[in-house]
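Quick caveat: nothing in here was measured; it's all calculated off a predicted structure.
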Amino acid sequence: MKNIAILASGSGTNAENMVRYFAANKLIKVAVVLSNHAHAGVHGRVNALGVPSFTFSKEDFAAATPILDKLAAFAVDFVVLAGFMSKIPDALLAAFPERVVNIHPALLPKFGGKGMYGHHVHEAVLAAGESESGITIHYVNAHYDEGKILFQAACPVLPDDTPDTLAQRVHQLEYAHYPRVVEQLLTLLPPLHHKGE
């Protein structure tokens, strides 16, 4: 069994979708969810589906060791970011080389970087007069939205779109593709051996 940890900061719709996708999978499961917000909606969503979740402080996250200990306790092989807004510490990236992925609500390298998340992205896409937007699934590295691109899917930007209507179309792409791409990546990866095993 390969275990996924999801890092999430918000309402948790992508995390819930990921948990549901892998619920019947005999080889891959979402083992734990970590959040930097105690009151984030993600906790209720995943707890209702039987997945434990934990909140950590900014200090714990920066130190990385408490996070790595928690990931080791759940024998995590792969880390999925789902609406997670903090920069990933180098120590975590070093412990999970090419095993941390993120989804971005635009077609990178356009509309990426610090501060480009959620509605900020959709507003920027509309302001630029783009004819299409979409999603990018990429490895996480030390720089915001600059890791190797693994998958992209596009959707049209319509003349009467608002940030909300565009966001809805992009969310549908996220739900359709993110779990499937994670599954493909994990199928190819050997399990991660944790210290002390």
Side-chain angles (χ1 to χ4, degrees), residues 1-61 63-86 88-89 91-93 95-96 98-105 117-118 135 137-140 150-151 153 167-168 170-197:
M1 176 67 75
K2 291 174 184 171
N3 293 320
I4 296 170
I6 296 177
L7 301 189
S9 297
S11 66
T13 53
N14 264 318
E16 178 183 357
N17 185 51
M18 190 81 61
V19 172
R20 290 186 183 280
Y21 182 89
F22 287 112
N25 193 304
K26 299 286 193 289
L27 302 176
I28 300 168
K29 74 171 181 179
V30 177
V32 64
V33 172
L34 303 178
S35 179
N36 52 350
H37 294 299
H39 303 295
V42 68
H43 295 291
R45 287 180 185 273
V46 301
N47 294 164
L49 297 171
V51 176
S53 64
F54 300 90
T55 305
F56 52 84
S57 67
K58 189 181 282 188
E59 293 73 25
D60 280 352
F61 193 62
T65 303
I67 309 301
L68 292 172
D69 289 347
K70 185 67 76 176
L71 297 177
F74 283 88
V76 167
D77 298 287
F78 200 76
V79 178
V80 173
L81 308 190
F84 187 73
M85 300 307 169
S86 296
I88 305 303
L92 199 156
L93 293 175
F96 289 84
E98 294 207 328
R99 289 172 182 261
V100 183
V101 294
N102 183 43
I103 190 163
H104 186 77
Y117 60 88
I135 60 166
I137 298 168
H138 63 94
Y139 284 131
V140 176
L150 300 165
F151 176 85
Q168 288 172 359
V170 171
H171 282 316
Q172 291 309 311
L173 292 177
E174 293 175 354
Y175 302 152
H177 295 291
Y178 203 13
R180 183 181 59 76
V181 172
V182 167
E183 182 178 32
Q184 288 175 345
L185 291 169
L186 267 166
T187 301
L188 299 172
L189 273 180
L192 190 64
H193 290 292
H194 295 275
K195 286 180 201 160
E197 283 185 7

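Screening T13, N14, N17 for a side-chain hydrogen bond (donor to acceptor under 3.5 Å, both in side chains) with E174, the sole residue that qualifies is N14.
Judged by distance alone, the side chain of K29 and the main-chain N or O of N3 form no donor-acceptor pair under 3.5 Å. Distance alone, capped at 3.5 Å, places no donor-acceptor pair between the S11 side chain and the G41 backbone. Formation of a donor-acceptor pair under 3.5 Å by the D69 side chain with backbone atoms of A73 is not found in this model.
The shortest side-chain heavy-atom distance between L68 and L92 falls under the 4.5 Å cut-off. Residues V42 and V33 are in side-chain contact: their nearest non-hydrogen atoms beyond the backbone lie under 4.5 Å apart. With contacts defined as side-chain heavy-atom distances shorter than 4.5 Å, the pair L34/L71 qualifies. Contact annotation: the side chain of L150 approaches that of V101 to within less than 4.5 Å [non-hydrogen atoms, C-beta and beyond]. Within the 4.5 Å cutoff, the side chain of L7 has heavy atoms near those of the I88 side chain. With a 4.5 Å cut-off on side-chain heavy atoms, F151 and Q184 do not count as touching. At a threshold of 4.5 Å between non-hydrogen side-chain atoms, the residues Y21 and V30 do not count as touching. Two residues are said to be in side-chain contact when any heavy atoms from C-beta on lie closer than 4.5 Å; L189 and D77 fail this criterion.
A donor atom on one side chain and an acceptor atom on the other are found under 3.5 Å apart for N25 and E183. Using a 3.5 Å distance cut-off with no hydrogens or angles, the side chains of H43 and T55 do pair a donor with an acceptor.
In this structure, R99 forms no cation-pi arrangement with Y139, as its terminal cationic atom is not both closer than 6.0 Å to the ring centre and no more than 45° off the ring axis. For the pair K70 and F54, the cation-pi test (distance below 6.0 Å, angle within 45°) is passed.
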**Request:** For the pair V32 and V76, evaluate side chain to side chain contact (heavy atoms under 4.5 Å, CB included) and give the outcome as yes or no after the intermediate values.
**Result:** CA-CA 8 Å; V32 64; V76 167; 4.0 Å; yes
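In terms of heavy-atom proximity, S9 sits nearest to S35 at CA-OG, 4.1 Å.
The aromatic ring centres of F61 and F84 sit less than 6.0 Å apart.
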